[in-house]
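Every chain is numbered from 1 and lettered A, B, ... according to where its sequence line falls, protein lines coming before strand lines.
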Amino acid sequence: MSILVDKNTRLLVQGITGNEGLFHTQQMLAYGTKVVAGTRPGKGGEWVLDGKVPVFDSCKAAVEATGANASIIFVAAAFAPDAIFEAADAGIPFIVCITEGVPVQDMMRVREYLDQKQVRLLGPNCPGLLTPGEAKVGIIPGNIAIPGNVGVVSRSGTLTYEVLYALKLVGMGATTCVGIGGDPINGTNFIDCLSMFEDDPRTEKVVMIGEIGGTDEEKAAQFIASKMTKPVVSFIAGQTAPPGKRMGHAGAIIEGGAGTAAEKVKALEAAGVKVAKHPEEIPSLLK
Amino acid sequence: MKLHEYQSKQIFSKYGIPIPKGRVAATATEARRIAKELGGRVVVKSQVLVGGRGKAGGIRLAKSAKEAEEVATQILGMEIKGLPVRKVLIDQAANIEQEIYLGITNDRAARRPVLMASAAGGVEIEEVARTNPEKIIKVHIDPLLGLRDYQARDIAIGIDLPKEYWKQFGDICRGLWRAYMECDATLAEINPLVILKEKSLMALDGKMLLDDNALFRHPDLAEMRDVDEEAAAETEARKYGLSFIKLDGNIGCMVNGAGLAMTTMDIVKLFGGEPANFLDIGGGAGADKVAAAMRIILSDKNVKAILFNVFGGITRCDEVAKGILAALKEVKPTIPMVVRLVGTNAEEGRKLLADAHMITAETLADAAKKSVAAAKA
């Protein structure tokens, strides 16, 4: 078992002919993900990667022809919101947006529309997700994680890889690793993932990697305290970050004195979560 | 990106929001001339991108053109929170009856814009939020529908605004909403919006923050960036697509990925050191980017050691190692360097760096300890 993606995921790649799209499609195919179609307006009818994946002009055409049930977006930030709307209107229930730098007001409109249609979005500005041994939808390197019983959810990219790798070194594996992305407004949040992990029979413990900015970690702490039976270990990045400065991620900023690492750690500890001082401490806290 | 008060007010004015007559001056003589044109009684306001200008003495009233010149001389020589004042805004003084706060910002938790107002204007809204949260009236705006007229009216009623101002207040709210939306702002704020003795409303101050991610569709606004107001290194970093924030410590950090970069700073601190910066070189960083990053780190004379922390995922460690080698040839740093390469092609990367006289580390904790020791040596 796993959450969100598995062996039955039929994936559509939006922006498949670009450098990023093509490279990662290759990686995902090599991992065993069923990539059934790609889109690139104007290149419908072509095939990419030695005839492995057909290209369509639109999501609608791709879904009709291939029965795609998930999509991943690699198009530039200026076009990403439209790509999300297109996938949602084509009836795709799960959309992953890797693209970084999508304007926040666009994301507010996207989120409002998707909620009305009950479509789930992961990202933007995220590394996607990985169900080790089954499917990789995104850019998380497949070789740094092994199958196991730990659910991982994170706002970060390379920091998540650190954690997966640290787990692998001690023989611990993941059910699914979900990168929810570092933007202030995104599709899927901590609570969505924690709730799915709580319901997933194979997930026995959960790692949650947060960072400064916003109040999602605090809300997650409330959820953990009231709803979760499985143990959660956490790490919060940005203890030393100065207020008012955007630390790379658009969402990683301490504003008006709120969103500090100290507050998040306090809230999580109060909810019974073990909070690691640094990421390499996580495996020992899971034991 | 932050806009100056005078820039924000110019934008507000385009959207029909009344602002005082005024102009910007860079010298005291210019200030005097403008004050004279405006009739003598003016407010001289420092234009720096920090809050608390009034408390610092950077906003002062002048009763005549001559006094405006004197006040401008003083203010133009000031530093406010470390930023030198290079410009002053000379605004015609207003006859104030009441001060109101009005602003639109992104509510992350609600995932919607929120319009906020308070009858307790003029002071910092964060302060009001802390001490008297019930005095702030809020309404969330549906991003697909936009601000509705009744919502502006609800706010006017909520702050006990006298009826005769409701129509003008509605116009100002709609103008502010359009400015916020069409400029891709993350904050558009009028503090204070005043009721004048002449029985009308006017925006005496203005503040806008713009979404950096949206500047690609606003070239005119992007040009308004005041690079004098940020650290030179941050301007330089932006040119190379690097994300850089200067800090006060002595251990330079070069990392791929924002979360990992923050974590690297944290762990340096955890082991008794002080990070000199936040720096994310991003994915697939080639030699030119690594060299630029190294130059930027070394331009800070406090830096006593550099820590490279790279987790190769899609970014390959051998590529980063080549970047480091090329950069070393160009920059020739004399301070100790600690390098940790993990993940894709890490072994190849380490081999490439074997002759570069760098201290190597296996784990994150080990890398942090070694760089703290190196900086102290």
Q: Say whether A:T240 and B:D266, considering side chains only, have a donor N or O and an acceptor N or O under 3.5 Å apart.
A: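 There is such a pair (donor and acceptor under 3.5 Å, judged by atom type) between the side chains of A:T240 and B:D266.
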Is it the backbone or the side chain of [X] that comes under 4.5 Å from a heavy atom of chain A, or both, or neither?
{"X": "B:N277", "value": "neither"}
{"X": "B:Y180", "value": "both"}
{"X": "B:L364", "value": "both"}
{"X": "B:F311", "value": "both"}
{"X": "B:T264", "value": "neither"}
{"X": "B:L247", "value": "side chain"}

Below 4.5 Å from any heavy atom of chain B, which atoms of [X] appear? Answer side chain, backbone, both or neither.
{"X": "A:I139", "answer": "both"}
{"X": "A:D115", "answer": "side chain"}
{"X": "A:A250", "answer": "side chain"}
{"X": "A:I236", "answer": "backbone"}
{"X": "A:Q239", "answer": "both"}
{"X": "A:R109", "answer": "both"}
{"X": "A:Q116", "answer": "side chain"}
{"X": "A:R155", "answer": "side chain"}

Taking every heavy-atom pair that is under 4.5 Å apart, which of [options] has the most such pairs with chain B?
{"options": "A:K219, A:K277, A:E255, A:R246", "answer": "A:R246"}
{"options": "A:M107, A:E162, A:K245", "answer": "A:E162"}
{"options": "A:N143, A:D106, A:L169", "answer": "A:D106"}
{"options": "A:T215, A:V104, A:I209", "answer": "A:V104"}
{"options": "A:M247, A:H278, A:H249", "answer": "A:M247"}
{"options": "A:A258, A:A78, A:A77", "answer": "A:A78"}

Q. Could you state the interatomic distance from CD1 (A:I180) to CG (A:N189), rounded to the nearest 0.5 Å?
A.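 Between atom CD1 of A:I180 and atom CG of A:N189 there are 6.5 Å.
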(Q) Rounded to the nearest 0.5 Å, what separates atom CD1 in A:I84 from atom CD1 in A:I95? (A)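 One finds 6.5 Å between CD1 of A:I84 and CD1 of A:I95.
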Any sub-3.5 Å donor-acceptor pair from [X]'s side-chain atoms to [Y]'s backbone N or O?
{"X": "B:Q151", "Y": "B:H140", "result": "yes"}
{"X": "B:S118", "Y": "B:I136", "result": "no"}
{"X": "A:T99", "Y": "A:V75", "result": "yes"}
{"X": "B:S371", "Y": "B:L307", "result": "no"}

(Q) Just checking A:H24 against A:F74, ring centres under 6.0 Å apart? (A)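 Yes: the rings meet the under 6.0 Å criterion.
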Q: Kindly state whether the ring of A:Y113 and the ring of A:F85 have centres lying under 6.0 angstrom apart.
A: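 Yes - the distance between ring centres of A:Y113 and A:F85 falls below the 6.0 Å cut-off.
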Q) Would the number of heavy atoms belonging to other residues, nucleotides or ligands and lying under 6.0 Å from CD of B:E189 be above 12? A) yes
Q: Considering non-hydrogen atoms only, spot the tightest contact between B:C253 and B:P275 and give its length.
A: SG-CB, 4.3 Å
**Q.** Sequence neighbours excluded - salt bridge (Lys or Arg N to Asp or Glu O under 4.0 Å) pairs with any residue from residues 278-287 of chain A
**A.** A:E280-B:R340
